**Q** 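First, the structure itself, so that you have it in front of you.
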There are 2 protein chains.
Amino acid sequence: MRVTIAEVAQRAQVSKATVSRVLNGKPDVDAATAARVRQVIADVGYVPSARAVGLARGRARTVGMLVPSLTWPWTGEVVQGAVDELESDGYGLLLYTVNRGAESLAQFASHVSAKAFDGLLVIEPPDTLSYIETLHDQGLPVVMIDDRGSRPGFPSVITTNREGARAAARHLVAAGRRHFAVVTGPADFGCVRERLDGFLDALGELGVHVDPRLVVEGDFTTERGAVATEKLMAAGLPFDAVFAHNDLSALGVTKALAAAGRVVPDDVAVVGFDDIPIAGHADLTTVRQPMREMGEAAARLLLSRLEGATPPVDPVVLPTTLVVRRTG
Amino acid sequence: MRVTIAEVAQRAQVSKATVSRVLNGKPDVDAATAARVRQVIADVGYVPSARAVGLARGRARTVGMLVPSLTWPWTGEVVQGAVDELESDGYGLLLYTVNRGAESLAQFASHVSAKAFDGLLVIEPPDTLSYIETLHDQGLPVVMIDDRGSRPGFPSVITTNREGARAAARHLVAAGRRHFAVVTGPADFGCVRERLDGFLDALGELGVHVDPRLVVEGDFTTERGAVATEKLMAAGLPFDAVFAHNDLSALGVTKALAAAGRVVPDDVAVVGFDDIPIAGHADLTTVRQPMREMGEAAARLLLSRLEGATPPVDPVVLPTTLVVRRTG
DNA sequence: CTGAAAGCGCTTACAG
DNA sequence: CTGAAAGCGCTTACAG
């Protein structure tokens, strides 16, 4: 039989209220009484029922996390960062993905209504920003790990997309490259615009101009990265460096170049964005996004909000780092 | 203000008990009454509080999942499979990792004591098998995704390690290879013994003998895979194929071979195990473990147990598949 | 400093 | 078929 607060109270010869007080570190408990209660708690190995505490207090010390899918390369890193941070505060993490589309979202919504968690961490699944904003407006504390430049109306964590792209540009120019091509991500993502602007800006400051015909749109997949590169080569304009807006695209770029007999990095340098595990194995030069740290920062933001702090209006910005490897 | 069962009852002019009955699909409720209650529920958008239901019923419709770390390549796949399966039954997934070692485990243990979840899915973190068995013996429903051949005393899901290794052996022999080397995983893992036995058995049946000096121990990391390969080459015995016990090791093998000027697969074929995403990008021939399916199967097993079914004594076995790519 | 009582929002025998 | 009451295991005013 599970031991309850009533049993502890009886054994310690006090009321349940007093046990509750020492459990929660409330002041105004006689030192001797508190010691006795603590002793009993230790003796019987009492741990308060999470469910009962949750119901009585109206909050569960549990946070929900909504992500598109754990299959995406760096999602695990973000979740790991969040879990670590939450865990050290004793919070649990309820994980939701949108892997099964609308059905997943419906399940998630019903858990929101059931108040299964106190606050929400989210990496925006496609086309859900307005829904998430609704939840926030209805009073659910929300923090977003913003990987696509959506700029929501609530606290978020982002990276320096623009500055990361600038670093890539400066590095390539310093390495002697002059003819640049870019394989972007989906044009409607804020982060894509920032990466493109930062890259072109930095090049401009260095007196390097990029031919618009050498900027082609990808969709963050390896396949489209390869297709885009073929398009680039077919255009007939010379280029000696490609900036891809994420690592998966960059891998596609590398493949297409190799297939066409162009040597990386001798003929063409390739730089990606993200620094997913595969980037290391492929020796890909890339702009690192601190995914783990983003998860941690988001969790901290949410926890402080749950503890009553007022969240910052502006996004928390984490720095990117240029990781120079073999390809560029 | 949140709407409660009391409000629904009042609006529908019935007692809370009756609302509860229609909510839970109990029989013996007048059709008209039930319809009226359902109408009110829909009108006010009532969703029962997960916490209150959990307390009253003594179970939370939530499952815990304990994994070593989300950083490990295929953990995300397993978790995704589990989440999908649980979600379709309306269950939540509380995620725990052991990324911070003993501290993590202590937090996990306290959540177990607090009865934060009804059952546990686990990929065994290092040296925790006996602890997990204790939890099981104390009555917590547990299902293990057994990636290392531990054979616990409770339901588990495994893959055909032996048969996967046999398939690799047959494939390599059919491709004309005759001189085999093996880079194993940690020798104390059951799966490592199975993969080695299966490989050597199949070769034996085909009349091929493996020199024991060409079997070296790795630890499932790329670094040690490379080191092991150098050892292999230093031994001076010829070999034209390497079977590595996981993909990360295989990548190390490939690197070391390339560094030594040996061409893959012309000089040496390389076959791995797992089929993590990087394997595809590296064009690595490998034995695929259906990680997603393992997560799904484990979740189904646990759910049926929670619904009252008696779990199978023997492990559920999922088949591996040989994925032939460029390296072997 | 401490206890009795009410309340959190449900479910579940027990009666009828 | 339905309701009143007790109970799940805590927390929190309210008194003293």
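These numbers come from a predicted model, not from an experiment. Throughout, a chain's letter reflects where its sequence line sits, starting with A, and its residues are numbered from 1.
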**Q** Does A:Tyr96 form a ring-ring contact (aromatic ring centres under 6.0 Å, His included) with A:Phe117? I'd like the steps, not just the answer.
**A** CA-CA 12 Å; A:Tyr96 300 89; A:Phe117 43 82; 5.7 Å; yes
**Q** B:Gln13 has an atom CD; how far is it from atom C1' of D:dA4, in whole Å?
**A** 18 Å
**Q** Have A:Thr71 and B:Arg292 got a donor and an acceptor in their side chains that come within less than 3.5 Å?
**A** yes
**Q** Keeping A:Asp89 on the side-chain end and A:Tyr91 on the backbone end, is there a donor-acceptor pair under 3.5 Å?
**A** no
**Q** Let me check I have this right: for DNA chain D, each base becomes ., (, ), [, ] or |, based on Watson-Crick or G-U pairs with both distances under 3.5 Å. What is the full string?
**A** |||.||||||||.|||
**Q** Working to the nearest 0.5 Å, report the span between CG of A:Leu93 and CE of A:Met65.
**A** 6.5 Å
**Q** We want to know whether A:Glu87 and B:Ser104 form a side-chain donor-acceptor pair, criterion being a heavy-atom distance below 3.5 angstrom.
**A** yes
**Q** Nucleotide by nucleotide, 5' to 3', does protein get under 4.0 Å of the base (B), only the sugar-phosphate (S), or neither (-) in nucleotides 10-16 of chain C, counting heavy atoms?
**A** BSBB---
**Q** Determine yes or no for a side-chain-to-main-chain donor-acceptor pair under 3.5 angstrom, with A:Glu296 supplying the side chain and A:Glu85 the backbone.
**A** no
**Q** Rounded to the Å, how far apart are B:Arg59 CZ and D:dG7 P?
**A** 23 Å
**Q** Do B:Thr310 and B:Arg305 pair up side chain to side chain, a donor and an acceptor below 3.5 Å, judged on atom types alone?
**A** no
**Q** If the cut-off is 4.0 Å, is B:Thr18 near the phosphate of D:dG3, judged by side-chain N/O to OP1 or OP2?
**A**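 True: B:Thr18 side-chain N/O within range (under 4.0 Å) of D:dG3 OP1/OP2.
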**Q** Regarding A:Asp30, tell me which of base, sugar-phosphate or nothing describes its non-hydrogen contacts under 4.0 Å with the strands shown.
**A**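 Answer is sugar-phosphate: A:Asp30 comes under 4.0 Å of backbone atoms only.
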**Q** Establish, from distance only, whether the side-chain atoms of B:Thr97 and A:Gln80 form a donor-acceptor pair under 3.5 Å.
**A**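 The criterion, which ignores hydrogens and geometry beyond distance, is satisfied for A:Gln80 and B:Thr97.
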**Q** Over how many whole Å does the gap from B:Leu55 atom CG to D:dC8 atom C1' extend?
**A**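 Result: 4 Å.
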